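If you read the sequence from its start, that first residue is 1, and numbering goes on from there. Note that the structure is predicted; figures quoted are calculated from it, not measured.
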Amino acid sequence: IAPNLVYATAETMEDPNVANANFNITWVFPVDPSFRYFVRVHFCDIISQALNTLVFNLYINDDIAVGSLDLSTLTADLNVPYYKDFISNASADSDSLTVSIGPDMAADLTNATMSGLEIMKISNEAKSLNGLSSVGSLLPKSPSKKNKLAIIIGSAVGAAAAVMLIGICYCFLVARKSKDTSQGNSWLPLPLYGNSLTMTKMSTTSQKSATASCISLASSNLGRFFMFQEILDATNKFDESLLLGVGGFGRVYKGTLEDGTKVAVKRGNPRSEQGLAEFRTEIEMLSKLRHRHLVSLIGYCDERSEMILVYEYMANGPLRSHLYGTDLPPLSWKQRLEICIGAARGLHYLHTGAAQSIIHRDVKTTNILLDENFVAKVADFGLSKTGPSLDQTHVSTAVKGSFGYLDPEYFRRQQLTEKSDVYSFGVVLMEVLCTRPALNPVLPREQVNIAEWAMTWQKKGMLDQIMDSNLVGKVNPASLKKYGETAEKCLAEHGVDRPSMGDVLWNLEYALQLEETSSALLEPEDNSTNHIPGIPLTPIEPFDNSVSMIDGGNSGTDDDAEDAATSAVFSQLVNPRGR
Ligand SMILES: *[C@@H]1O[C@H](CO)[C@@H](O)[C@H](O)[C@H]1NC(C)=O
C-alpha cells in the first residue's frame, strides 16, 4: 500500500526501558483549526512472532479512534500492510492534531505500533485551503462577453473534470475498502461521499459494477469487470505451476473463480503498446460475438494498468499440441475432421455472422483450442479487423499474422479480405493432415513450407504419401480426397479463386460424411483390410450405391458435377443404410 520505506520507519513501544509500560506514543501536528483534515494511518505488524499478540488503541485528538485494534485478525497474517482513514472534526479550540497509540490494558498486552501517517487538509466551502474568500471574488468584476463565455466554458470543463476525478477516487476507495467496515465514534467514516451526482450515476447494484463504470473501457457492455485481487485469488498470485502458455501478448494462466468456474487468464505485458491496442481489440471483438466455436470472453481487468483477459477454460488446449511436439495420443481422422469443421464454423460466423464481417488475421493451429469434449473453438482475436464494408472490396493494412500462414496475396498487396483467413485455414488443414509445423526450416528447401510441399503432392493426387503415419490405412480415400481438394482450393494463389469459409465448411462436412458412411458400412468387418496403405486414391462417385463404395467405385468422377449435385446427395448420405 505504502512504499516499503514507510513500513521500515515504524515506531513501536517494545522494551521502552521504563518502570511503567502503560504509556502512549503521541505525535503532534500543527493544524489550522478552521479546517478539517483527512488522516490515513498505516499499520503493518512486522514485530510480532505470532498472530493475535499485538492489540492496542489508536487515539486521534485524545479521542479513541480504534479500540483494541488487532491487526492479525484484520489482515489474517503478519507482515500485511493495513490502513484506516479518518477525518478530524474541525475543533476551534485546538491548533494541533494529535495521533497516539497506546497499549490496550484490557488485553493485557503492552505493545503498539504505527508505520506511517498521511495528513491532508480539506478545502473549505469556498474551495480554498486558506481563508474564506472564494476563488470567484478574485476574478475581474465585469468581464467582457468573450471572457464570460470563457469562464463559463472553463468552469464547466473544470467541474466535469472534478466530478470525474472524485468519481475515480471514489471508485478507487470503494475497490480498496470493499472489505473494510466503517468507523463509528467521533470520526466520519470513509469513503468520502463527495458528490451526490457521481453517487447517483454509480448507484448500480454492486460495488463491482460501480468500480467497472469508472474504467474507460466500460462505456459499453464488455463482459464482467474483475478486480485485480480476484484475479490474484483465481490464479494463486499467478502461480507459475498454473502457466498454460506464453505468447506474444503475454502469459496465460489457468485460474479458478470463487464459484469454482475454471478460466484461462491472459495477462498482457503492460509495457507493450501494441499489446494495449490488441487488448482493446480483443475485448471489443469478443464481447460482440457469442458462438459455440469461438472462445468466449468472461471478463477483463484493467485495474492498476494491468491488461488481463479472462476466458472460458479450454481443457484440451491448442489443436497444435494434439498434432505434434507432445506425447498426447494422435487424433483419429474423424476427430480431426470434426475439429476442422468446428474451427471452420467459428470462422464462417466471424466472416458472415456479425453486422460487419470480421477477419481474424491470425488463423493457426495454436489459435484453435479444444474443450474437454474436443470441440474446437477459435481464439485470439488480438489482430482481428472488421472486414471491408459493402462498397469496399478489401481493407488496406500493414501485414500482420504468423509466418507460414500468411496469405501470399495479402503479403504482396497488403489488402486484407476474408480470403486471407481462408488461406491460413488451408495451411491449418494441411498441418492437421501431415502433423508437421507450417514452417520447418530444418527440412530440405522444398519441404520447409507446408503449403508448397503439400500442394505439390496434392496436385499429383498423392497426399497420402506425406500424411501422418498414424492415419495411414485408417482414412476413407474418398474422404481424404475431398479434404485434399478443399485444402488445395483454400491455398489458391489468388483470393478470388479461394472458396468462402461457408464452402470450406460444407466440403469438410461432406468429407466427414464420406468417412462416417464408409466406417458405418464397414463396421462388421476389419477396417484395415479394405484400405491397403500406399495404394493411390480412387475417387468415388457419390451417386453410386453403398456397395460400390466399399469396392472403391469407378474412377474419373467429374468434380464439378459432383459439387453441383452434392446438396441432393448430402441428405441421402446421412442415412446410407436406408437405401
Ligand atoms: C493515552 O491517550 C489517551 C487519549 O489521550 C488517554 O485517554 C489515555 O489515558 C492515555 N493512556 C495512558 C496510559 O496515558
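Checked by atom type and distance alone, the side chain of T486 pairs as donor or acceptor with a backbone atom of K482 at under 3.5 Å. Within the 3.5 Å criterion, the main-chain N or O of A511 finds a donor-acceptor partner in the side chain of S479. A donor-acceptor contact shorter than 3.5 Å is absent between the side chain of D239 and the backbone of T235. Remark: the backbone N or O of A451 is paired with a side-chain donor or acceptor of N449 at under 3.5 angstrom. Panel note: side chain D421, backbone I359; no donor-acceptor pair is recorded below 3.5 Å. Side chain of N316 to main chain of D371: a donor-acceptor pair is present (N/O by atom type, distance under 3.5 Å, no hydrogens or angles). A donor-acceptor pair is defined here as one N or O able to donate and one able to accept, closer than 3.5 Å; no such pair exists between the side chain of Y483 and the backbone of L512. Judged purely by atom type and a 3.5 angstrom limit, S321 has no side-chain atom pairing as donor or acceptor with the backbone of G317. Between the side chain of H494 and the backbone N or O of V496 there is no donor-acceptor pair closer than 3.5 Å.
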For this session: Check step by step if side chain to side chain contact (heavy atoms under 4.5 Å, CB included) holds for I339 and L331.
Result: CA-CA 10 Å; I339 289 165; L331 298 168; 3.7 Å; yes

Problem set entry | side chain to side chain contact (heavy atoms under 4.5 Å, CB included) between E446 and E452, intermediate numbers included | CA-CA 8 Å; E446 71 278 10; E452 283 173 26; over 6 Å; no

Exercise. Step by step, would you call R345 with E509 a salt bridge (charged side-chain N to carboxylate O under 4.0 Å, His left out)?
Worked result: CA-CA 10 Å; R345 270 189 217 283; E509 275 176 342; 2.4 Å; yes

For this session: Test side chain to side chain contact (heavy atoms under 4.5 Å, CB included) on F374 and E338 and set out the steps.
Result: CA-CA 9 Å; F374 285 90; E338 280 166 349; over 6 Å; no

Problem set entry | From CA spacing to verdict: side chain to side chain contact (heavy atoms under 4.5 Å, CB included), F225, M227 | CA-CA 7 Å; F225 171 79; M227 279 185 282; 4.1 Å; yes

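A salt bridge does not link K262 with E312: none of the charged nitrogens is closer than 4.0 Å to a carboxylate oxygen. We find that R224 and E230 are joined by a salt bridge, their nearest charged nitrogen and carboxylate oxygen being less than 4.0 Å apart. Between E485 and K489 no salt bridge is recorded (no basic side-chain N to carboxylate O distance below 4.0 Å). Using a cutoff of 4.0 Å between basic side-chain nitrogens and carboxylate oxygens, E240 and R251 are scored as salt-bridged. Using a cutoff of 4.0 Å between basic side-chain nitrogens and carboxylate oxygens, R436 and E431 are not scored as salt-bridged. Between D407 and R498 there is a salt bridge, with a side-chain nitrogen of the basic residue lying less than 4.0 Å from a carboxylate oxygen of the acidic one.
Considering every non-hydrogen atom in both C490 and L429, the closest pair reads SG-CD1, 4.4 Å. In this structure, I341 and L505 approach most closely via the heavy-atom pair O-CD1, 3.6 Å. Taking both residues in full, the closest heavy atoms of P330 and R336 are given as CB-NH2, 4.2 Å, listed atom of the first, atom of the second, then distance. The heavy-atom pair separating A492 from D497 by the smallest distance is CB-CB, 3.8 Å. The shortest heavy-atom contact between L491 and Y423 is CD2-O, 3.5 Å. The two atoms that bring A343 and I368 nearest to each other are CB-CD1, 3.8 Å, heavy atoms only.
You'll find the side chain of V428 reaches within 4.5 Å of the side chain of V363, heavy atoms only. Using a 4.5 Å heavy-atom cutoff, the side chains of L350 and H360 are in contact. By the 4.5 Å heavy-atom criterion applied to side chains, L443 and N440 are counted as neighbours. Considering only heavy atoms from C-beta on, H322 comes within 4.5 Å of L370 through its side chain. Inter-residue side-chain proximity for V378 and N367 is flagged as unmet; no heavy-atom pair is nearer than 4.5 Å. V375 is listed as a side-chain neighbour of H293, based on a closest heavy-atom distance under 4.5 Å. The side-chain heavy atoms of Y311 and V265, taken from C-beta on, include no pair separated by under 4.5 Å. Residues K364 and V427 have side chains not in contact (no heavy-atom distance under 4.5 Å, counting atoms from C-beta outward).
For the residue pair D468 / N470, a side-chain donor-acceptor distance below 3.5 Å is found, with atom types taken as modelled. Defined by atom type and a distance below 3.5 Å, a donor-acceptor pair is present between the side-chain atoms of S357 and E418. Side-chain atoms of T365 and Y405 include a donor-acceptor pair closer than 3.5 Å.
The line from CE of M455 to CD of E488 is 5.0 Å long, rounded to the nearest 0.5 Å. Rounding to the nearest 0.5 Å places CG of L369 at 11.0 Å from OH of Y313. Rounded to the nearest 0.5 angstrom, M467 CE and L480 CG are separated by 5.5 Å. Note that the OH atom of Y300 and the CD1 atom of I308 stand 12.5 Å from one another [nearest 0.5 Å]. Rounded to the nearest 0.5 angstrom, S241 OG and N236 CG are separated by 7.0 Å. Rounded to the nearest 0.5 angstrom, C434 SG and I466 CD1 are separated by 4.0 Å.
Classification of the Y510-W506 ring pair by plane angle, with boundaries at 30° and 60°, yields tilted. F238 and F228 have tilted rings, their planes meeting at an angle from 30° to 60° on a 0 to 90° scale.
Residue-environment remark: CZ (R290) exceeds the threshold of 12 foreign heavy atoms within 6.0 Å. Under a cut-off of 6.0 angstrom, the local environment of CG in D327 is sparse, with at most 12 non-hydrogen atoms contributed by other residues, nucleotides or ligands.
Tested against L433, the residues L463, V475, I450, L323 include a single side chain to side chain contact (heavy atoms under 4.5 Å, CB included) partner, L463.
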